[in-house]
Structure formats: C-alpha cells, structure tokens
Amino acid sequence: MAFMATLEEGGESNRFELKEGETVIGRHPDCDIVVEVGAVSRFHAKIHGHQGVFTLEDQGSRNGTYLNGQLIARGEPLREGDRVRICEVELVFHADSVPAFVGSPEMTFAGTSFGVTMVDDESSENLSVSKVEFRGGSDGVKISATPQAKLDALVKINSNLSEALALDDVLPKVLVSLFEIFPQADRGFVVMADRDGGLIPRWVKMRRPSDETQSLRISRTIIREAMTTKTAILSLDASSDQRFDSSQSIADFSIKSMICAPLIDGNGEAFGALQIDSTEGRGQFREEDVDLLSGVAGQAAIVILNAQLHERALKQQEVEQDLRLAKEVQAAFLPQAPPQIGGYRVCSYYQAAQYIGGDYFDYIPLPDGRWAVVAADVVGHGVAAAMFMAKLSAETRYCLAAEPDLAAAIERLNVHMSRLQLDRFVTFLMMALSPDSDAVTIVNAGHMTPLVYHAADASTSEPGEEESGLPIGIDEDLGYEATDITLRPGDVAVMYTDGINEAMNASDELFSIERVRECVSQGGGAEAILNRIVLAVRSFIGDGQQDDDMCMVVIERIAE
C-alpha cells in the first residue's frame, strides 16, 4: 500500500496510507490528511489513486501545491521519493508501505539494550488531572488523523486485539494502534505494576528508530498520578505546563504534549497505564483525544487481563503436567506389589489428597531375613511433603540395612531426618515380620498404634502404645523402644495414617478411630477388613473433598 510521510528535520515521521480513489489534503476536518496550518486551504490538494498509479492535483488553493519544488498547474503523477510541499508542510511519496510492527526497529521490548528508566520527578501539589486545558502550544504545524481514520483504527484494534492471547503480543499491537489513531505521537509506552506495586515498563514504541545507546526516561510520578486518580492526564503543552516544572523526564525529551491513561481491571483497580507524547511539536493532543485514549486503554485493559488469564492457564497446565509426572515418580517409590512373606498375607491402600502426598508405606527386606512393613505420615501434604517422603524412604532403607537393632535403626533415622532442619516431622510405625513365625516386633515413633484383630476370641487390641516415642524429625536426641507381640493364624493387624480416622464429611464430623475399630472388630481376612474400612470412609465423606492423604497397610497371619 502506497503512503505519504511527513518530512521534518529528524527525517520522516507520520505515515498516511493512500487509497484507491481520492485522498484529500487540507485544513478541513473532513480531509483524509488534515494539516492544521492557517495558510493551508480547507481543501488544498487531492491525490487520485487508480490501479496503483497515484496522481497529485491542486484544488485551486491560495498558496499552491509544489511537487519536487515546482508549482503544479494540473495533475502530476507521483513516483517513489517525490516530495510534496503544501505551505510549510512537506510530505514524501512512497509506493510501498513498511509493515507497522513486525520487525520494525522502533518497537522495543523494555529491558533490551535500549535503556528504559523510571524517573521519580518531584510532584507538584497542584498536579490536577482530567480534561483541563492549560496553556496551548505554538502555532506550528499540527497534523491529526481524521475521524474516519480514527474509526478505522479503532476497528483495527478490535480485530488485532481479539486475536492476541499472549501478553507480549497484545502490548505491541496496542501501541501500533495508538500511533495510527494519534499521528502526532512521537513516543508511546505501556507501564504495568508488578506484584509488589512497582512500575515496570513493558513495551515502548518510537516514531523513528532509536539509538540503542539512548535512555528513555519515563516519569513515574505522572504514571502513578494517573493510576491513583484512575483518570487520564492531559497536557496540551507539557514543556510550558506549570504542573511539570520539576519533571526532569519532560525536560530531557522536550515533551510538547502528552496524555497518560490508566489501565483499570474489572474491580476498578489500576494495574498500569498507557502514555503517548509528542516531542517534535507537530501537534498537540486535544481534549477529545483524552476520551479516545481512555477508551483504547479500557479496551486494552480487558485484552491484557484476558492475556494474563490465558498465560496463567497455560502455566497451570504446565504445573498440572508436572504434578502428574511427579505422581508417577512418587508411585515408583511406593511398593508395586505386596511381598511374599511365608505365613503372611499383606495388602495396602494409598490415596493422596492432591496429585502427590506425604503418606508413605513400604516393605523392606532386612539383612536377618525378616521383613519391615512401614507406614508413615509426613506432616502436611502436597509437593513439599512428597519430597520429604522421598528422602524418608531412602533414609529408612539405609538405616535398616546398616543397623540390625530395629530401635537403634529408627534412632539413626531420626538423627538423619532431624539434621535436615526442614521444620517438618514424621509419624512412623514399623512392624517387623519373621517368615513362618508368630513373632512380630513393633517400633512406633509418634504414630497411631496398630489395630489388631484376634481371631481366637474376636477381640481387638492396640499394642505398643506405652512404648511409642515422639515423631521423627523433632529432635535428633530421641530414643525409641521396640515392642514384641504375637500374631496367630487368623489374626489381622491394621496400620493406617490419620487421613483415615480424621476424614471429614460435609458436616465437618470426623470418621474417628472408633469407626475404624468397629470396622476391624467385624473380622475377616486382610482384604475384607481393608475394603470394609475404605468403603466406610468413602461413604462417610460422600461428595465432600478429601482433605488429607490416606494410607493403610493390613497384615494377616495365615496358617503355614
């Protein structure tokens, strides 16, 4: 698409696309290219476009139209690089347009080699906001977009932003659209607040490619004022505006006119701001521009928030994927099948409250031929508890392999876990089974005692309560005591974590140890008792949420 660009001391700036048909240049607001200079006629000149060929024609203006320094009397064809002068305004014709954003050097991500600095300018007590006109600027050249051009740009914003999902796709498109709506703008930038309330420049757009060694200074005072009052700030002539007398960033860049509009979320809270300003004196922003920028800011805020939600959703998906993988890893730490122990049948149940949990159980062969059956509960649940559980698993196996005395092995385990200084503790219960023997050794570190069903008289007991020590990880100078019991054929021992007895229903009532005891007292084999307890707990919870990890290991002494 062909376009005209305004030519100034620093080079080319504003671009105006040329359409098929007529493009009118003049002082009247209905012109396609509005030139606000008193000597320019209301309808000064016209460019005809037909099948890619463009012709310049004067419209009988008072001061004439010049093409490459020559006054034209009739229609003249335009060629690449031709210069058109209307009074003191000079424009350059280009046959093909340059893309507005993709790969353009004037669009900069804040934080690259192009320096962006937030400046705390001294704030005047008289700093007011909203659409208040102060002293105007000079009578120099003022170029503005026509109402139709602004409408077209707003429609383009809707189209562009509706397709943007990533935040760093949204912000550049916002700035590109602003430069189309406000051709008098030389700089534009988006500033957003971080979680701590600090202001972070995200994207910057310059009318011309910038020097990489140049540092862009942005007034934090003005941004915060717009965010605090939740109202756009307009200065028609910032360089002469008494409100900004102390603003070094205004002085450094000779800002002539500026608008700063807050970005506001659905709760009415400001989370950032858009600012555009003019440094070349081409034109001032007007009062009606405030409403327009505020409208764009409101639309941009919605899209930015949607982009943030989309990014959070993607991150959440990544987290959930990581947790699913962590669940698989944790499952690999837990036994894949019950051990084959002569004279015993063992079964288990494990259900984490979240993807992964802090409950732990294991079957560990001991050097002397026995098997250690372990059930443990790390305080809390989730990722931290699961990681602590993984460490506990490795340390348990090491200590039981290195120390034949079971109580001493658990004391060593406590020392290792306590020295991690992670402010976590573990309740730990171990039952050591001798194949083809009734003898069982129990070591308890602050865990619930096992519930034992005695088949001979259908009674229950809870051995080892008096010998139970403190949980592992509280203090490394703790001792533990072993307890020996006898399991006869038909007897069943139930080891469980507090996610079973403390399971809650919708009325916040606990399942309770009493209900666990009742399930055990009904007898049956290991699988029958385990299934009875699980079914009772699940029925008790109903549609409620599981609040804690659940783990249970059931041991049955069978006839040899």
S.K.: Tell me, please, which residues at least two apart from D484 pass side-chain hydrogen bond (donor to acceptor under 3.5 Å, both in side chains).
M.R.: T441
S.K.: Could you tell me whether the side chain of L305 reaches within less than 4.5 Å of the side chain of F271, counting heavy atoms only?
M.R.: yes
S.K.: Under the ring-ring contact (aromatic ring centres under 6.0 Å, His included) test, which residues partner Y350, sequence neighbours left out?
M.R.: none
S.K.: Give a yes or no answer on whether the side chain of S418 reaches the backbone of N414 with a donor-acceptor pair at less than 3.5 Å.
M.R.: yes
S.K.: Check the surroundings of atom CG in D543: do more than 12 heavy atoms from other residues, nucleotides or ligands lie under 6.0 Å from it?
M.R.: no
S.K.: Give a yes or no on whether E465 atom CD has more than 12 heavy-atom contacts from other residues, nucleotides or ligands under 6.0 Å away.
M.R.: no
S.K.: Between I472 and L478, is the side chain to side chain contact (heavy atoms under 4.5 Å, CB included) condition met? List the steps.
M.R.: CA-CA 9 Å; I472 290 172; L478 295 179; over 6 Å; no
S.K.: A quick test of your reading: do over 12 heavy atoms of other residues, nucleotides or ligands sit less than 6.0 Å from CG of D194?
M.R.: yes
S.K.: Of all the heavy-atom pairs spanning G446 and S468, show the shortest one and how long it is.
M.R.: N-OG, 3.5 Å
S.K.: What heavy-atom pair brings G188 and I276 nearest, and what distance separates the two atoms?
M.R.: CA-CG2, 4.1 Å
S.K.: Considering residues at least two apart in sequence or located in another chain, which fulfil the ring-ring contact (aromatic ring centres under 6.0 Å, His included) criterion with Y349?
M.R.: none
S.K.: Counting only heavy atoms from other residues, nucleotides and ligands, does the tally under 6.0 Å from CD of E466 exceed 12?
M.R.: no
S.K.: Which heavy atom of M448 sits nearest a heavy atom of Y496, and at what distance?
M.R.: CE-O, 3.4 Å
S.K.: If I compare all heavy atoms of P365 with all of R397, which pair ends up nearest, and what's the gap?
M.R.: CD-NH1, 4.3 Å
S.K.: Say whether, by atom type as modelled, one donor and one acceptor occur between the side chain of N505 and the main chain of I541 under 3.5 angstrom.
M.R.: no
S.K.: Within a 6.0 Å radius of atom CD on Q421, are there more than 12 heavy atoms belonging to other residues, nucleotides or ligands?
M.R.: no
S.K.: Quick check: does any side chain N or O of R532 sit under 3.5 Å from a backbone N or O of C519, one acting as donor and the other as acceptor?
M.R.: yes
S.K.: Decide yes or no for I555 and V440: does some side-chain heavy atom of the first lie under 4.5 Å from some side-chain heavy atom of the second?
M.R.: no
S.K.: Within the distance-only criterion (no hydrogens, no angle test), does the side chain of D196 pair as donor or acceptor with the backbone N or O of G198 below 3.5 angstrom?
M.R.: no
S.K.: Answer yes or no: is there an ion pair linking R419 with E395, defined by an N-O contact shorter than 4.0 Å?
M.R.: no
S.K.: With the side chain counted from C-beta on, respond yes when L451 and T460 share a heavy-atom pair under 4.5 Å apart, and no when they do not.
M.R.: no
S.K.: Run the side chain to side chain contact (heavy atoms under 4.5 Å, CB included) check on L510 and N501 step by step: do they pass?
M.R.: CA-CA 7 Å; L510 297 179; N501 59 286; over 6 Å; no
S.K.: Is the count of non-hydrogen atoms from other residues, nucleotides or ligands lying under 6.0 Å from M387 atom CE greater than 12?
M.R.: no
S.K.: Using side chain to side chain contact (heavy atoms under 4.5 Å, CB included), reason through Q275 and F189 one step at a time and then give a plain yes or no.
M.R.: CA-CA 6 Å; Q275 182 172 318; F189 45 82; 3.4 Å; yes
S.K.: Could you state the interatomic distance from CD (E476) to CD1 (I474), rounded to the nearest 0.5 Å?
M.R.: 13.0 Å
S.K.: S507 side chain to E509 main-chain N or O, any donor-acceptor pair under 3.5 Å?
M.R.: no
S.K.: Which heavy atom in R224 sits nearest to a heavy atom in G197, and how many Å separate them?
M.R.: NH2-O, 3.1 Å
S.K.: Mark yes when over 12 heavy atoms from residues, nucleotides or ligands other than E514 sit less than 6.0 Å from its CD; otherwise mark no.
M.R.: yes
S.K.: side-chain hydrogen bond (donor to acceptor under 3.5 Å, both in side chains) with Q546: which residues, sequence neighbours excluded?
M.R.: R538
S.K.: Would you give the length of the straight line joining atom CD of Q351 to atom CD1 of I500, rounded to the nearest 0.5 angstrom?
M.R.: 10.0 Å
S.K.: Donor-acceptor check, side chain of R515 to backbone of F511, threshold 3.5 angstrom: yes or no?
M.R.: yes
S.K.: Taking the side chain as every heavy atom from C-beta outward, state whether L263 and L274 have any pair of such atoms under 4.5 Å apart.
M.R.: yes
S.K.: Determine whether D377 and D549 make a side-chain contact, defined as any pair of heavy atoms from C-beta on separated by less than 4.5 Å.
M.R.: no
S.K.: How long is the gap from NE2 on H416 to OH on Y398, to the nearest 0.5 Å?
M.R.: 6.0 Å
S.K.: Provide the closest heavy-atom pair for I442 versus P463 in the form atom of the first, atom of the second, distance.
M.R.: CD1-CG, 4.0 Å
S.K.: Could you check whether any side-chain N or O of N267 sits under 3.5 Å from a backbone N or O of E269, counting only pairs where one atom can act as donor and the other as acceptor?
M.R.: no
S.K.: Enter the distance from R220:CZ to L199:CG here, rounded to the nearest 0.5 Å.
M.R.: 6.0 Å
S.K.: Under the rule for salt bridge (Lys or Arg N to Asp or Glu O under 4.0 Å), what residues qualify as partners of E462, not counting sequence neighbours?
M.R.: R517
S.K.: Should Y453 and Q522 count as side-chain neighbours, where that means a heavy-atom distance under 4.5 Å?
M.R.: no
S.K.: For the backbone of G343 and the side chain of R557, can you confirm whether one donor and one acceptor N or O come within less than 3.5 Å of each other?
M.R.: yes
S.K.: Examine distances only and state if a side-chain atom of E403 and a backbone atom of A401 form a donor-acceptor pair shorter than 3.5 Å.
M.R.: no
S.K.: Hey, does the side chain of K230 reach the backbone of G268 with a donor-acceptor pair shorter than 3.5 angstrom?
M.R.: yes
S.K.: Is there a side chain to side chain contact (heavy atoms under 4.5 Å, CB included) between Y363 and V553? Walk through the geometry before answering.
M.R.: CA-CA 10 Å; Y363 311 125; V553 181; 4.0 Å; yes
S.K.: How would you list, by chain and number, every residue that makes a side-chain hydrogen bond (donor to acceptor under 3.5 Å, both in side chains) with Y360, sequence neighbours excluded?
M.R.: D362
S.K.: With rounding to the nearest 0.5 Å, note down the distance linking CG in L422 to CZ in R424.
M.R.: 8.0 Å
S.K.: State, with a plain yes or no, whether a side-chain heavy atom of V492 is found less than 4.5 Å away from one of E556.
M.R.: yes
S.K.: Does CD belonging to Q340 count more than 12 external heavy atoms closer than 6.0 Å?
M.R.: no
S.K.: With rounding to the nearest 0.5 Å, note down the distance linking CE in M258 to CD1 in I233.
M.R.: 6.0 Å
S.K.: Taking the side chain as everything from C-beta on, heavy atoms only, tell me whether M430 gets closer than 4.5 Å to L400.
M.R.: yes
